[in-house]
Amino acid sequence: MISGKTTLIAHVGYPTFAFKAPLIYNPWFEANGVDAVVMPMGVKPEDYPEFFRMLFRLTNIRGALVTMPHKVSTMELVDEITPIAAVAGATNAVLLREDGTLLADQFDGAGFVRGVMRKGFPLEGKRGLVVGNGGVGSPIAASLAGEGVAALGLYDPNSEASESLGKRLHEHFPELEVTTGSKDPAGYDIVVNATPLGMNDDDPLPMDVDRIAPGTFEGEVVMKQEITPFLAAAGEKGCPIQVGSDMLYEMIPAYIEFFGFGTTTPEELRAVSKLD
């Protein structure tokens, strides 16, 4: 039930028909006695800056989940940006702090790395390859750097995306070894498909799986199907894998902590989720 005491988390984006967050957060809030609600709000780009400023004048708002097409423009509307969001070049969460200032963070990458580490794969000192350096791959690369990987290989068909991401990584993580321009997975400890390849069964593989050594951790971001051709090929080689939906369920505990609602686990979220 929503009452006059309910804390509001806005879920802003456009269009809203594909929003999944309310079907995960709100059942968890109800199950845990948290008087809060995630509310979808469809806002077109031309209306967004004015709407955003008015949104945070509400007296019962805690923060916002930010999705497309507002992840980049939000960066200019807040008071502070975390280093991970700065490297990612976009934000997907805004917190209204007690002093009235707005802090922006980015949790796509946090969800990915939390999943990897919960599967018993430490990241510190490892070598990672991220194929696809756009809206998903950039925060994953940022969070891998934040967890202490020693080296990152970046590849995107748009070479400027890789070069720009590499520069931001160097700025915030000067000791990190960064290379760009190759998607050859040989010699890496963890490889990530952060491209849409795999949404369709006839898509080409995002990289040459034959060049991946057994034991290399392989991560996926595609959520349309759980075992993509990329992950299937990895499984045949005996590689540990992470499916795309794990990133979603792993990032939500990070959001919940960010907004000050305690903590939870992906298992608890899956148990109450209304997605299925």
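Heavy atoms only: backbone and side chains are in, while hydrogens, waters and symmetry mates are out. Quantities reported herein were computed from a predicted structural model and do not represent experimental measurements.
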*Hphob cluster co-occupancy, Val221 + Val87, side-chain heavy atoms under 4.5 angstrom*: yes
*Which value, rounded to the nearest 0.5 Å, describes the distance between Asn26 atom CG and His11 atom NE2?*
11.0 Å
*Treating Ile, Leu, Val, Met, Phe, Trp and Tyr as nodes and any side-chain heavy-atom pair under 4.5 angstrom as an edge, say whether Val131 and Phe217 lie in one connected cluster.*
no
*Hey, mind stepping through Val130 and Leu144 against side-chain contact (heavy atoms from CB on, under 4.5 Å) and telling me if it holds?*
CA-CA 10 Å; Val130 181; Leu144 288 170; 3.9 Å; yes
*Return the minimal non-hydrogen interatomic distance between Phe230 and Gly219, and the atom names on each side.*
CE2-O, 3.7 Å
*Kindly say whether Ile84 contributes a backbone atom to a donor-acceptor pair with the side chain of Gln106 at under 3.5 angstrom?*
no
*Give me the one residue out of Phe112, Phe259, Phe258, Tyr249 that meets ring pair (Phe, Tyr, Trp, His ring centres under 6.0 Å) with Phe107.*
Phe258
*Identify the residue among Thr91, Asp108, Asn92 that makes a side-chain hydrogen bond (donor to acceptor under 3.5 Å, both in side chains) with Lys71.*
Asp108
*Say whether Val192 and Leu129 are linked into one hydrophobic cluster, either directly or through other cluster members, by side-chain heavy-atom distances under 4.5 angstrom.*
no
*Can you tell me if Thr228 uses its side chain to pair, donor with acceptor, with the backbone of Leu231 under 3.5 Å?*
yes
*Is the closest side-chain heavy-atom distance between Pro45 and Ser73 below 4.5 Å?*
no
*Look up atom CG in Asn193 and atom CG in Leu197, then write down how far apart they are to the nearest 0.5 Å.*
6.0 Å
_If you define the side chain from C-beta out and look only at heavy atoms, does anything of Leu176 sit under 4.5 Å from His170?_
no
*To the nearest 0.5 Å, what is the distance between CD (Glu268) and CD1 (Ile252)?*
12.5 Å
*Rounded to the nearest 0.5 Å, how far does CZ of Arg53 lie from CG of Leu55?*
12.0 Å
_Nearest atoms (heavy-atom pairs only) where Met223 meets Ser245_ = CG-N, 3.9 Å
*Should we say atom CD of Glu30 is surrounded by more than 12 heavy atoms from elsewhere, each under 6.0 Å from it?*
no
*Let me know which of Ser138, Ser162, Ser159 forms a side-chain hydrogen bond (donor to acceptor under 3.5 Å, both in side chains) with Asn133.*
Ser162
*Would the number of heavy atoms belonging to other residues, nucleotides or ligands and lying under 6.0 Å from CD of Glu124 be above 12?*
no
_Is there a ring-ring contact (aromatic ring centres under 6.0 Å, His included) between Tyr255 and Phe261? Walk through the geometry before answering._
CA-CA 9 Å; Tyr255 273 111; Phe261 294 125; over 10 Å; no
*What are the two closest heavy atoms between Thr195 and Val222, and how far apart are they?*
O-CG2, 3.6 Å
*Would you name the heavy atoms of Leu102 and Leu77 that are closest together and state the gap between them?*
CD1-O, 4.0 Å
*asked:* Applying a strict under-4.5 Å side-chain criterion to I, L, V, M, F, W and Y, I'd like to know whether Leu123 and Met251 cluster together.
replied: yes
*Should Arg270 and Leu275 count as side-chain neighbours, where that means a heavy-atom distance under 4.5 Å?*
no
*Determine, for Arg118 against Glu267, whether the closest basic-nitrogen to carboxylate-oxygen distance falls under 4.0 angstrom.*
yes
_Determine whether Lys119 and Asp246 satisfy the following criterion, salt bridge (Lys or Arg N to Asp or Glu O under 4.0 Å), listing intermediate values before the conclusion._
CA-CA 11 Å; Lys119 293 175 178 66; Asp246 282 357; 2.9 Å; yes
*Val12 and Tyr48: side-chain contact (heavy atoms from CB on, under 4.5 Å), yes or no, with the steps?*
CA-CA 9 Å; Val12 290; Tyr48 184 65; 4.0 Å; yes
*Out of curiosity, Ile61 CD1 to Ile9 CD1, how far, rounded to the nearest 0.5 Å?*
7.0 Å
*With a cut-off of under 6.0 Å to the ring centre and 45° to the axis, is Lys126 in cation-pi contact with Phe121?*
yes
*Please report the closest heavy-atom contact between Pro253 and Arg114, naming both atoms and the distance.*
CB-NH1, 3.8 Å
*Do Asn32 side-chain atoms and Val34 backbone N/O form a donor-acceptor pair below 3.5 Å?*
no
*Report yes or no: do Val38 and Leu58 belong to one cluster of Ile/Leu/Val/Met/Phe/Trp/Tyr joined by side chain heavy-atom distances under 4.5 Å?*
no
*Inspect the contact between Glu218 and Lys237 and indicate whether a charged nitrogen and a carboxylate oxygen are less than 4.0 angstrom apart.*
no
*asked:* I want to check something: taking the side chain as every heavy atom from C-beta on, are Lys183 and Leu154 in contact at a cut-off of under 4.5 Å?
replied: no
*Short question: side chain of Thr74, backbone of His70 - any donor-acceptor pair under 3.5 Å?*
yes
*Could you state the interatomic distance from CG (Leu169) to OG1 (Thr180), rounded to the nearest 0.5 Å?*
11.0 Å
*Around Lys167, counting heavy atoms of other residues, nucleotides and ligands shown, do more than 12 lie under 6.0 Å from its NZ?*
no
*Between Asn60 and Thr6, is a side-chain contact (heavy atoms from CB on, under 4.5 Å) present by the stated rule, with each step listed?*
CA-CA 7 Å; Asn60 61 338; Thr6 301; over 6 Å; no
_Counting C-beta onward and ignoring hydrogens, is there a side-chain heavy-atom pair between Met41 and Thr16 closer than 4.5 Å?_
no
*asked:* I'd like to know if Glu177 and Arg127 make a salt bridge, using a cut-off of under 4.0 Å between side-chain N and carboxylate O.
replied: yes
_Using the rule given for side-chain contact (heavy atoms from CB on, under 4.5 Å), can you reason through Tyr25 versus Ile256, listing the C-alpha separation, both sets of side-chain angles and the distance that settles it, and then say yes or no?_
CA-CA 9 Å; Tyr25 286 86; Ile256 288 173; 4.1 Å; yes
*Salt bridge check: are Glu98 and Arg62 linked by an N-O gap of less than 4.0 Å?*
no
*asked:* With heavy-atom distances below 4.5 Å as the criterion, would you say the side chains of Glu220 and Val243 are in contact?
replied: no
_Closest non-hydrogen atom pair between Ala142 and Ala88, with its separation_ = CB-N, 4.3 Å
_Pairing donors with acceptors under 3.5 angstrom, does anything connect the side chains of Ser182 and Asp184?_
no
*Just by distance, do the side chain of Ser143 and the backbone of Pro139 share a donor-acceptor pair under 3.5 Å?*
yes
_Between Thr216 and Pro185, is there a side-chain heavy-atom distance shorter than 4.5 Å?_
no
*Is it true that atom CD of Glu226 has more than 12 heavy atoms of other residues, nucleotides or ligands lying nearer than 6.0 Å?*
no
